[in-house]
Visitor: 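Can you read through this structure? Questions will come right after.
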Amino acid sequence: MLPNSPSAPASAAAPEKSPLAPWLAVLSVGIGAFALVTSEFLPVGLLPAMAADLGISKGQAGLMITTPGVIAAFAAVFVTVGSGRLDRRFVLMALTALLVLSNLIVALAPSFAWILLGRALLGIGVGGFWAIGTALGPRLVAPQHAAKAMSIIFAGVSLGTVAGVPAGALIGELVGWRVAFGGASAIAVLVLLAQAMLLPPMAPTQAIRLRQLPALLGIPKARLGLIATALLFVGQFAAYTYITPFLTQVSNMSATTVSALLLAYGVTGFIGNILGGWAVGRSERGTLIATALVLGLATLALPVFGADPLAATLLVGVWGLAFGAMPISVQTWMYKAAPELMEGSSALFVATAQVALASGALFGGIAVDRLGVSSAMLLGGAFAVGCAAVIWKFGHERAVARRAGGAAWEA
């Protein structure tokens, strides 16, 4: 947070009045991340059941992941720019309210078109939250605790996969997918109440304008980070969107077993989040390369060894470890590329990640419908390994770029 930020006096005084207050505020953002991840990827565990119930193919059902991804890409930029000088507390709460509405529409949807409408509203919430919400963690606590605050928020991502996706799959199996989305809407209501009680007033450090965003592309490290983000997210979601059909068709696992394995995926993801937070403090380049390489090799190995349930279980666990480290490794890279344009950097990162997410789900769906479910794993693995190669080749170069204000700095 800048020393002359309007919110600086309140943030500085908060720890003196109540040492827990800043961390409770960070926690409310973290549970918001949990609710978003749970909602965004809920169709992953429910995809076969929803496709069968709605009378569509599994590739078409992948549009439930693609649609919010595309919308989120635009929302990341336009919510950041459009919110101007608005109190970030109210912006975040408005985005959470969209999450409530989105899940409610899906739960009550009479047709697939209504489901896509609900998912589009979710995209606005997702894009806005990731562009603004993740940049708030370092502002809510003292500077020396900024990395820990970010880890807590990204832990919400991992917890969303630990509890949200497999729980949704299990609920969907027991009482139907509509109940799973209704439950996600109820969770979002609780998140909204928590944010209303715990978040302090937070004026933005600066109003981001559209013309400032292209300046970030002139920073070599930021540009490379966006390329890596695109490759890694395409790879992850080309494969992950279709993990449930793969495990049922190729590994011959029951729906209950798949739910348990998705839970294991989330557990290793939570561990990966912790390890990633530790590792990026030592080398963000090494962490990003390792994350992409492990993710890519695990998914590439699934079509080869996945017919054996034990091998599939081990590979999915390793994949989850890399997935847990993925968000913090790529976003830390972007933050360090442009530390004084944190919200603008975050907006471009989220836009790129969401376009890549949507593209990955779309490409994976096309591959699944034409070549079979194993092709999605091969496609995803190839993109992830490509990300590792790009960072290994170009990420070590120390480039001198210029800030938007004109002062030279070293990336």
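Just so it is clear, the values below take in all heavy atoms, side chains as well, and ignore hydrogens, waters and symmetry mates. Please read all numbers here as calculations on a predicted model, not as lab measurements.
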Visitor: What's the separation between atom CG in L224 and atom CH2 in W333, rounded to the nearest 0.5 Å?
Guide: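 Between L224 CG and W333 CH2, I get 5.0 Å after rounding to 0.5 Å.
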Visitor: Minimum heavy-atom separation for A292 and A384, please, with both atom names.
Guide: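 That would be CB-O, 3.4 Å.
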Visitor: When you measure from the side chain of S375 to the backbone of A367, do you find a donor-acceptor pair of N or O atoms at a distance under 3.5 Å?
Guide: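 Flag set: sc S375 to bb A367 pair under 3.5 Å.
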Visitor: Assess the residue pair I391 and I227 against the criterion (side-chain contact (heavy atoms from CB on, under 4.5 Å)); give the C-alpha distance rounded to whole Å, side-chain angles, the decisive distance to 0.1 Å, and a yes or no.
Guide: CA-CA 9 Å; I391 296 298; I227 293 171; over 6 Å; no
Visitor: Should the ring pair Y240 and Y265 be called parallel, tilted or perpendicular, given that the plane angle runs from 0 to 90° and is split at 30 and 60?
Guide: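 Ring orientation, 0 to 90° scale: parallel.
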Visitor: What pair of heavy atoms forms the shortest contact from Q60 to D369, and how long is it?
Guide: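 Smallest heavy-atom distance, with atoms named: N-OD2, 4.2 Å.
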Visitor: How long is the straight-line distance from CG of L362 back to CG of L63, given to the nearest 0.5 Å?
Guide: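 Answer rounded to 0.5 Å: 7.0 Å.
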Visitor: Verify, without hydrogens or angle tests, whether T248 (side chain) and T244 (backbone) share a donor-acceptor contact under 3.5 angstrom.
Guide: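 Here the side-chain-to-backbone pair exists.
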Visitor: Short question: side chain of Y242, backbone of V368 - any donor-acceptor pair under 3.5 Å?
Guide: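 No, because the side chain of Y242 does not come within donor-acceptor range (under 3.5 Å) of the backbone of V368.
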Visitor: Please indicate whether R370 has more than 12 foreign heavy atoms, meaning atoms of other residues, nucleotides or ligands, lying under 6.0 Å from its CZ.
Guide: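 Check fails, neighbour count at 12 or below.
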Visitor: With a 4.5 Å cut-off on side-chain heavy atoms, are F349 and T352 touching?
Guide: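 The answer is no; the side chains never approach within 4.5 Å.
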Visitor: Does a side-chain heavy-atom distance below 4.5 Å link L99 with V126?
Guide: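 When only atoms from C-beta onward are counted, V126 and L99 do not touch, as no gap falls below 4.5 Å.
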Visitor: Could you check whether any side-chain heavy atom of F41 comes within less than 4.5 Å of a side-chain heavy atom of L357, counting everything from C-beta outward?
Guide: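 Yes; the side chains approach each other to less than 4.5 Å.
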Visitor: Take a 6.0 Å sphere around CZ of F74 and say whether it holds more than 12 heavy atoms from other residues, nucleotides or ligands.
Guide: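 12 or below, so no.
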Visitor: For S251 and G306, indicate whether the former's side chain and the latter's backbone hold a donor-acceptor pair under 3.5 Å.
Guide: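 It does hold such a pair.
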Visitor: Please check if the side chain of S329 supplies one atom and the backbone of L288 the other of a donor-acceptor pair under 3.5 Å.
Guide: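 No: the side chain of S329 does not pair with the backbone of L288.
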Visitor: Below 4.5 Å, heavy atoms only, C-beta onward: do F112 and M50 meet side chain to side chain?
Guide: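 Side-chain contact under 4.5 Å: no.
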Visitor: For residues L297 and L293, determine if any side-chain heavy atom of one lies less than 4.5 Å from a side-chain heavy atom of the other.
Guide: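 SC-SC contact between L297 and L293 confirmed.
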Visitor: Check A238 against A376 and note the closest heavy-atom contact, atom names and distance.
Guide: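 Heavy atoms only, the tightest pair is O-CB, 3.3 Å.
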Visitor: Would you find a donor on one side and an acceptor on the other, under 3.5 Å apart, between the side chain of T257 and the backbone of M253?
Guide: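 Pair absent, no side-chain N/O of T257 close to backbone of M253.
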Visitor: Output the distance between atom OG1 (T67) and atom CD1 (I65), rounded to the nearest 0.5 Å.
Guide: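 T67 OG1 to I65 CD1: 9.5 Å, rounded to 0.5 Å.
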Visitor: When you measure from the side chain of S102 to the backbone of L121, do you find a donor-acceptor pair of N or O atoms at a distance under 3.5 Å?
Guide: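 Looks like no, no N/O pair under 3.5 Å.
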Visitor: Run the numbers on W319 and I243 for side-chain contact (heavy atoms from CB on, under 4.5 Å), then give the verdict.
Guide: CA-CA 11 Å; W319 180 4; I243 188 174; 3.8 Å; yes
Visitor: Taking the six-membered ring for Trp and the full ring for Phe, Tyr or His, determine whether the centres of F383 and F237 are under 6.0 Å apart.
Guide: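 Not under 6.0 Å, so no.
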Visitor: Return the minimal non-hydrogen interatomic distance between P201 and R89, and the atom names on each side.
Guide: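 Closest heavy-atom pair between P201 and R89: CG-NH2, 3.8 Å.
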Visitor: Between V318 and T268, is any pair of side-chain heavy atoms under 4.5 Å apart?
Guide: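 No, every pair of side-chain atoms sits at 4.5 Å or beyond.
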Visitor: May I have the step-by-step check of side-chain contact (heavy atoms from CB on, under 4.5 Å) for S374 and V250, ending in yes or no?
Guide: CA-CA 8 Å; S374 292; V250 177; 3.8 Å; yes
Visitor: Return the CG to CG distance between L300 and L315, rounded to the nearest 0.5 Å.
Guide: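 It comes to 10.5 Å.
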Visitor: Once you round to the nearest 0.5 Å, how far does CE of M64 lie from CD1 of I115?
Guide: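 Rounded to the nearest 0.5 Å, the CE-CD1 separation comes out at 6.5 Å.
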Visitor: Under the 3.5 angstrom rule, does the side chain of R285 hit a backbone N or O of V280 as a donor-acceptor pair?
Guide: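 Judged by distance alone, no pair lies under 3.5 Å.
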Visitor: Once salt bridge (Lys or Arg N to Asp or Glu O under 4.0 Å) is applied, do any residues pair with E284, and if so which ones, sequence neighbours excluded?
Guide: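 Salt bridge (Lys or Arg N to Asp or Glu O under 4.0 Å) list for E284, sorted by chain: K221, K336.
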Visitor: Which heavy atom in V355 sits nearest to a heavy atom in A73, and how many Å separate them?
Guide: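 Looking at all heavy atoms of both residues, the closest pair is CG2-CB, 3.2 Å.
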Visitor: Minimum heavy-atom separation for I71 to A120, with atom names?
Guide: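 Taking I71 first and A120 second, the nearest heavy atoms are CG2-O, 3.4 Å.
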Visitor: Rounded at 0.5 Å granularity, tell me how far CD in Q195 sits from CD1 in I31.
Guide: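 One finds 6.5 Å between CD of Q195 and CD1 of I31.
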Visitor: With a 4.5 Å heavy-atom cut-off, do V390 and F394 have their side chains touching?
Guide: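 They are in side-chain contact.
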Visitor: Is there a side-chain contact (heavy atoms from CB on, under 4.5 Å) between T291 and T287 once you walk through the steps?
Guide: CA-CA 6 Å; T291 296; T287 303; 4.1 Å; yes
Visitor: Can you find a pair of side-chain heavy atoms, one from Q236 and one from L295, that are under 4.5 Å apart?
Guide: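 Answer yes - side chains close enough.
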Visitor: Is the backbone N or O of V100 less than 3.5 Å from a side-chain atom of S185, with the two atoms forming a donor-acceptor pair by type?
Guide: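 Confirmed, S185 side chain pairs with V100 backbone.
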Visitor: Using modelled atom types only, decide if a donor and an acceptor are shared between the side chain of S283 and the backbone of A279 within a distance under 3.5 Å.
Guide: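 Side chain of S283 to backbone of A279: no pair is present.
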